[in-house]
Structure formats: C-alpha cells, structure tokens
Amino acid sequence: MRPIPTILAAVSLAALVAAAPAQKLPEKGEPPISAQTEKSGGERPAAQHAMRFDHADLAIEVFPETRTLTGVATLSFTATAPLTTLVIDLDTNLGPQRIAIDGKPLLRKSWSNPDGQLTITLPKPIATGGKVTAQIAYGGTPHVAVRAPWDDGLVWSQTADGRPWIASTSEGYGCDLLWPCLDFPKGEPARVDLHITVPKGLKAPANGVLKGVETHPDGRTTWNWSARSPNPYSVALNIGPYEEISGTYKSRYGNTIPMFYWYLPGEEAQAKELFAEFAPTLDFYESVVGPYPFADEKVGVVETPHKGMEHQTINAYGNEYAKAPEGFDWLFQHEFGHEWFGNQLTAANWDDYWLHEGYESYMQPFYGRWREGEARYAAMMLQQRNMIQNQAPIVSGTLRTEEEVYEADKGGPGQDIYYKGSWMLHTLRNLIGDQAFKQVTQRAVYGRADPKPGNFAPRFGSTDEYLGFVKQVTGKDYGWFFNVYLRQAALPKLLQTRDADTLTLVWQAPANLPFPMPVEVQVDGKVTKLPMTTGSGTLPVPADAHVVVDPWDRILKQSDAIDAYQAYIKAQNDKRAAAKAD
C-alpha cells in the first residue's frame, strides 16, 4: 500500500505529519476526475456483483510526448445471476470510443459513461452461467498523479538524461484510472494479459510472466505479459530506459523462483546492493509466513519516479537507495511483503485494510528481530508506538471505500491501520505465543494450515474470519481482545495502585468492555504474570521494592507520556503553521 515515508526513520511525530499526504488542486493541464472515479470499493451496483471476471486482455500504447494513451480492453465475464447490462468502471477522460459485445459492434446509444461508471446495455440477456465478452476501445489524457502514490494516476517523469520515465499508481482511486475494470477488491480478474507498446529505446516491465517482446518496423516495442489473479489496482504501467538484474532463488520449499530488478542506467552499483536484499528478505517471509505466493511467475521490482507500491510481481520502488540503521531498505521490504499481505491475502472490504497494512507494518520489526534479535525489534516497535493516533476504530463493521479508511479527515483510522494494527499483532503474538501466531497467520494468508507451492491460490479475507482462525488455533474465544483493539478508538488503560505491601492492577477498557489481558510485573528483577481474568489482579510486593509493570512492553495500552508528547508536537506544529500563515 501507499507507504508512510517515516516508517523506520528516527523522526518525530512532527516530521510524520509534515510528510503526510496533502490535498492539492489539479495542476494546469491535469484532467480532473469525477467523484465516482475517485472512489474505490464501497457500495457497488448489483450488476457488478452478478458477474465473475474471468479474463482481461489489455493492449495499451503510451505516447510520452503528448502524455496520452490508447487501449483496447477485451474483458470476459461469467454471469453469476441474470445479466441485462454490464457495469464497468472507467474514468471519463479515457472514453470509451467503441464497444463490441461478443465480437459485434454496438451502436453508440447502447452505452453511457457520464460519471466514470460505464453502463452497457447487452444485445440480449445473459442467463446465469452464461458468458459474455466486451471489447472496449478507449484512450485519451489520463489523470495525472500530483503526489504519487498518495494520490493516483499517471506519473510522467524523465531520467537525468531527458528520456521518458513513466509509472502508474491507483490504489486509492482505483484501476479505472488506467483500464476498464471492476473497481473493488473482489473485482480482480482470474487472469490479465498485458500488451504494452512503448517508443523505441524504452522497456515496459509489468505483472506476471513475460511472454515475449515484439519489435515494430519503426522501433516501437510491445511487451507481452500474463499474470494470474492480480488485484485490480496492481495492474501497472512502468516505462523507462531500464537495465535489468536477474537471478534465481532456491526456496526452502524446494522450488526455484526467478528474481528481477529493473533500474535506471548509471545505478548499477546501487542496484546490485538492493538486489542482494531480495534473497534474504524472501527467506524471511518464507520462514515466518510461508511459501512465496507467485513463485510460478517471478519476484519483480522496478524503479519508479514515485515512492512505491505493491503492484503484484512488479513492486514499485522509489526510495533512492536510502540507507538506514536497520541495515535493510524499509520500502523494498514493505512493498515486497504485500505479496503475502495484500496480493495473496486481500481484504474483501476496505474496512479490513489492517490485514494488509497492519500485518506488513509488523513484518518490518519482525524482520529486524529475525536479522538481529530482540533489541532491534524493540527499537523499531517503539518508533511505531509513537505514531498511533487512536482517533477512530480500525474496523467499523460497514462497507467502506479505500479513502474512507485511509484518510483520517474522512473519519477513518488513517495511519492507525499501519501502526496500531502492528502493535495489536505484537500484543496478540505475545498473548498466544509464536507457534499459534504463525498458525493463525498461515490460515489467514493461505486459507489452510499446510501451505506448499501449488496447493493454494490468492484469497479474500475479513476481520471476522481472522477472529475465527484465532479461535480455531488456540481453542479460545479472543473476541474481547479484538473488540477493544479493532472496534474501539481509545486504548485500554492499566490503572496501578500501590498500598503498603500490595500492588493492584485494574484494566479500564473503552466502553467498559471486558479486557482480561494478563500482565507481567517485575518486582526487584523477578517477573510474575498476573492472569487478570476479571480485569484486575493483585500482587504482594515489599514496600521498598522496585516495580516495573509490563517490563518488555508486550501490551498495547494507553500511555500518559506518549499522549503528552503527541499533544506537545501538535501544539508546536500549530504554532509553526500560524506563524507561516502570518
């Protein structure tokens, strides 16, 4: 997902706020988009739920000089209920110009696209189980991303020597910025074939497996790719004068996985350093989660003129080879991890976005632990803790659009899907243990307890399903845990009272919900765990004993110190903003 730039940097909350995405009016020449196109997910027309997306064949040609594109999309569907119309999402900036159904051209009056939701009247109804193919010719001047990837569209850039360098990003606004699609998570096609035509001297690495490159008489090339089950927003354009590093990885599961990195000329030394991170990062994920989900296609990364995005098997990388004290590139590691959390396991409803971002944010300190041990893990977790805002529940229990979750100013949890989600998982792992946590994670990611290459497929998950996996693995109902951490905005507070030779602890959960979270207490170096089964517990302690509650910070809970720090930083930011306005 759209990365938070400061996720691993040792910076203050002020720097994070300064780096957060800002709203900006369209620049001159940038085609505006409709509210419908800007929305991704949420409530959908009944017709979109009445068809299965079998195949998308996309032939796209890009013209850097005019910043335009043309395309022909051949889309195949199976009706899951009777169909009289097709409803397909497509930005009005891209047409369409012509439509045919099952090879027969339609009259212009047979379709309309007033707001970016293309409605096609079928020549005849399609019965349940019937198949239909729509061929849509489209094109024009696509929406430009002002600040990709925090807003979406095409990025028209240039290399240092003036050659075109182009990328697309569409997670927030959706796939309809680039191609006619079903713009909601379950709208992913079973297969996408891409045919990307670019000017002479440019390359077009994309999703899936390269099926061949055709060279035209005038020097243009067409790059043919085939990918299975990509998320709609993962279908991406990446165009530039790329050079390539490739290799193979021998997996702990016995299979061999091809790896590729496409980078700009003149960066070979840096590119090789980044490529050297591919294998150990892959080994980490396969060891703590399970098999790489797209081993039959590739591990693919491409350098982009924007920060990054988890485009399936062609992850966008724009971190400029930054160095960090953790010893690995946080952005590469983050986006690559979305192959498991986002591409293999996809939230069926954006309301469950934490399954992508919370898990992947947690995988970064977890990787630090895997590489260096508990000290690195603790340091990285504490950085994340300072970022948690607690302004809205992570999960609402309703059908929401991507931006209703991602944008805090629209009432969503915003960055808490990253950091609060991560800390919730940290707390869960410490509560149920490493083995159970891995088993829960595998069931969520693969839908089964014994994932092996070839015995699973990309799947959709939900918060409720995840709770079921926790109960299935542990034999216990942890609804109380998720009710507090996911469905409430505020954090539980641990009240401490020390009276003579007795320590009393009481959980104060939001909405007075039950919260029987066990708590470790260190008394003069000796640790005791209080079960807190009724939400409270007592422990005899000598009057002069040194007591530390939750000494390893295993529990996400309210902190007076962090609340005061965040209030201080906000006041400083407000003061600077007021001074700037004057």
Side-chain angles (χ1 to χ4, degrees), residues 7-8 10 284 287-288 325-327 358-359 361-388 390 416 418-441 470 473-474 476 478 480-482 484-486 491-498 503-509 515-533 535-542 545-566:
I7 194 167
L8 288 183
F284 160 73
S287 111
V288 305
E326 296 79 19
Y359 246 111
S361 295
Y362 186 56
M363 286 294 114
Q364 297 199 270
F366 215 40
Y367 186 42
R369 178 178 182 258
W370 190 77
R371 286 167 53 93
E372 296 183 63
E374 296 295 342
R376 178 64 68 192
Y377 173 79
M380 294 169 72
M381 289 302 304
L382 289 171
Q383 286 178 10
Q384 291 188 3
R385 177 62 184 88
N386 295 337
M387 309 297 187
I388 299 173
N390 303 307
D416 276 359
Y418 292 79
Y419 303 129
K420 191 172 182 177
S422 174
W423 261 82
M424 181 200 71
L425 292 169
H426 161 76
T427 306
L428 179 65
R429 183 179 69 83
N430 281 297
L431 178 63
I432 67 176
D434 282 3
Q435 183 177 0
F437 182 74
K438 181 174 182 178
Q439 291 174 359
V440 169
T441 300
V470 174
V473 168
T474 64
K476 298 178 182 179
Y478 284 99
W480 59 268
F481 177 95
F482 295 102
V484 168
Y485 284 125
L486 289 180
L491 291 175
K493 186 171 186 176
L494 186 57
L495 305 178
Q496 306 178 34
T497 304
R498 195 163 170 184
L503 172 70
T504 301
L505 301 180
V506 178
W507 279 114
Q508 189 178 80
F515 196 68
M517 174 70 74
V519 180
E520 292 173 322
V521 181
Q522 187 181 71
V523 181
D524 286 337
K526 181 181 178 182
V527 176
T528 301
K529 180 179 283 190
L530 292 180
M532 306 287 285
T533 52
S536 64
T538 60
L539 185 69
V541 297
H546 179 64
V547 176
V548 180
V549 176
D550 189 21
W552 289 287
D553 223 358
R554 300 192 201 274
I555 303 170
L556 175 59
K557 55 191 178 297
Q558 184 271 343
S559 164
D560 289 342
I562 292 175
D563 289 349
Y565 165 72
Q566 292 181 340

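Predicted, not measured: the structure shown is a model, and the values here were computed from it.
Side-chain atoms of Tyr485 never come within 3.5 Å of backbone atoms of Trp480 as a donor-acceptor pair (strictly under, hydrogens ignored). Side-chain atoms of Asp416 do not come within 3.5 Å of backbone N or O of Ile388 as any donor-acceptor pair. Judged by distance alone, with hydrogens and angles left aside, the side-chain atoms of His426 form a donor-acceptor pair with the main-chain N or O of Asp553 at under 3.5 Å. The backbone N or O of Tyr418 sits nowhere less than 3.5 Å from a side-chain atom of Gln384 that would complete a donor-acceptor pair. A donor-acceptor pair under 3.5 Å links the side-chain atoms of Trp423 to the main chain of Met381, judged by distance alone.
One distance of note links CZ of Phe481 with NZ of Lys476; it measures 13.5 Å at 0.5 Å rounding. Distance check, rounded to the nearest 0.5 Å: CD of Gln383 to OG of Ser422 gives 11.5 Å. Of the inter-residue distances, the one linking Leu494 atom CG with Trp507 atom CH2 reads 4.5 Å to the nearest 0.5 angstrom. Atoms OG and NZ, from Ser361 and Lys420 in turn, are 14.5 Å apart once rounded to the nearest 0.5 Å. Taking CD of Gln558 as the reference point, atom NZ of Lys493 lies at 4.5 Å (rounded to 0.5 Å). Note that CD of Gln364 is 13.0 Å distant from CZ of Arg376, once rounded to the nearest 0.5 Å.
Two residues are said to be in side-chain contact when any heavy atoms from C-beta on lie closer than 4.5 Å; Leu486 and Met424 meet this criterion. Between Gln496 and Thr504 there is no side-chain heavy-atom pair separated by less than 4.5 Å. Between Arg554 and Thr427 the shortest side-chain heavy-atom distance does not fall below 4.5 Å. For the pair Val470/Phe437, no side-chain contact is recorded, criterion being any heavy-atom separation below 4.5 Å from C-beta on. In this structure the side chain of Val473 reaches within 4.5 angstrom of the side chain of Gln439, judged on heavy atoms. Within the 4.5 Å cutoff, side-chain heavy atoms of Tyr362 are placed close to those of Arg429. When side chains are defined from C-beta on, Leu428 counts as touching Phe482, because their heavy atoms get closer than 4.5 Å. With contacts defined as side-chain heavy-atom distances shorter than 4.5 Å, the pair Met517/Pro492 does not qualify.
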(request) Begin from the C-alpha positions of Val527 and Glu520 and carry the test side-chain contact (heavy atoms from CB on, under 4.5 Å) through to its verdict. (result) CA-CA 6 Å; Val527 176; Glu520 292 173 322; 4.0 Å; yes
(request) Evaluate the side-chain contact (heavy atoms from CB on, under 4.5 Å) criterion for residues Tyr419 and Asn386: first the C-alpha distance (whole Å), next the side-chain angles of each, then the deciding distance (0.1 Å), finally the verdict. (result) CA-CA 9 Å; Tyr419 303 129; Asn386 295 337; over 6 Å; no
(request) Before giving the answer on side chain to side chain donor-acceptor pair (under 3.5 Å), spell out for Gln522 and Asp524 the whole-Å C-alpha distance, their side-chain angles and the decisive distance to 0.1 Å. (result) CA-CA 6 Å; Gln522 187 181 71; Asp524 286 337; over 6 Å; no
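For the pairing with Leu503, the side-chain contact (heavy atoms from CB on, under 4.5 Å) check across Val521, Thr497, Thr538 returns one residue only, Val521. Of the residues listed (Ile555, Thr533, Leu431, Asn430), the one engaging Pro518 in a side-chain contact (heavy atoms from CB on, under 4.5 Å) is Leu431, and it is the only one. For the side-chain contact (heavy atoms from CB on, under 4.5 Å) test with Leu539, the passing option among Val547, Val549, Val519, Val523 is Val523; the others fail.
Taking all atoms of both residues into account, the shortest heavy-atom contact from Val506 to Met532 is N-CE, 4.3 Å. The minimum heavy-atom distance linking Ala436 with Thr474 is given by the pair CB-CG2, 4.4 Å. Summarising the geometry of Glu326 relative to Glu372, their closest heavy-atom pair is O-OE2, 3.3 Å, with the distance given to 0.1 Å.
Residues Asp434 and Arg369 are paired through a salt bridge, judged by an N-O separation under 4.0 Å between the basic side chain and the carboxylate.
A centroid separation of 6.0 Å or more is found between the aromatic rings of Phe366 and Tyr359.
Applying the 6.0 Å contact sphere to CD of Gln435 captures no more than 12 heavy atoms from other residues, nucleotides or ligands.
Using modelled atom types and a 3.5 Å distance limit, the side chains of Ser287 and Trp370 yield a donor-acceptor pair.
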